[in-house]
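Numbering of ligands and ligand atoms starts at 1, following listing order. One-based numbering along the sequence shown. Computed from a predicted model, the values in this text were never measured in an experiment. Worth knowing before you read on, the calculation uses all heavy atoms, side chains too, and leaves out hydrogens, waters and symmetry mates.
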Amino acid sequence: MFGVEASINLKSEAEIALMREAGRINAETLNAIKAAIAPGVTTAELNEVAEAVQRSYGVYSPFKNYPGPYPFPASICTSINEEMVHGIPSNRKLREGDIISVDCGTVYEGFVGDSAFTVGVGDISPLAQSLIEVTKQALEVGIAEMVPGNHLGDIGAAIEEFVTKHGFYVTHLYTGHGVGREMHENPQVPNFGRRGEGILLREGMTLAIEPMVLVGTRHTRVLRNGWTVISQDRSLTAHQEHSVAITAHGPEILTKL
Ligand code: MG
Ligand code: MG
């Protein structure tokens, strides 16, 4: 092994058990946030919900103070409508018809769980519903490729083929990633690729798979706040993410209840 392959941290059973608990707490946090989403609620209030759950477990989010243009100021990312990822919680109120993506991480006993979902606020358009459903299924399609002997490119190829078939776009600029003691470990996991290319997938790899899907373009830009990524044409976007272990028996989703 050399290069990227040598830099990938394979996890032991014991380490995966800790990641499973990090992922479980993260799922509980995301569920609490999901339950709080309603018209009139601010994204800062959703951040408070997350921090309350995390405090009750004595855990914290690796998002807080994550290095960037300036340290990320919150424990979750909240991205509304054309905002794809890295939206900053604020006193912006959710409105009926919005769609919101929430991304959250949990550090438990030194290991990270990283997961995200997109949901509608009240009644949403058929287009928004279809976008969310395709993004959810794209995550499943990507995870299904996570078996020993497949290649990294199989994951991205499956995701992009699925999304494109439904008339939407995946970003080529933002990717999934290895996850473990650090939120972002090697390798990067693009949402596009070629079957049979890239590193060989092996038992003990733990990857965050995260399709980011856009309605009108694959191109994005960053808002002046330095963090928030939006679709360049301001069309709707959605994001789904799980942290997943590759086991001898296939993929195991770690960020679930
Ligand atoms: Mg995430
Ligand atoms: Mg991630």
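- Because the distance cut-off is set at 2.8 Å, H184 fails to qualify as a neighbour of the Mg ion (ligand 2), as none of its N, O or S atoms comes that close.
- The Mg ion (ligand 1) is closest to atom OD1 of D103 (considering only N, O or S atoms).
- E51 and S75 share a donor-acceptor pair across their side chains, judged by distance under 3.5 Å alone.
- Restricting E210 to its N, O or S atoms, the one at the least distance from the Mg ion (ligand 2) is OE2.
- With salt bridges taken as basic N to acidic carboxylate O contacts below 4.0 Å, one links E28 and R24.
- Counting only N and O atoms by type, the side chains of T228 and N225 include a donor and acceptor under 3.5 Å apart.
- Atom OD2 is the N/O/S atom of D114 found closest to the Mg ion (ligand 2).
- A donor-acceptor contact closer than 3.5 angstrom links the side chains of H172 and E160.
- Residues M146 and M205 are not in side-chain contact: their nearest non-hydrogen atoms beyond the backbone lie 4.5 Å or more apart.
- Here the N, O or S atom of E241 that is nearest to the Mg ion (ligand 2) is OE2.
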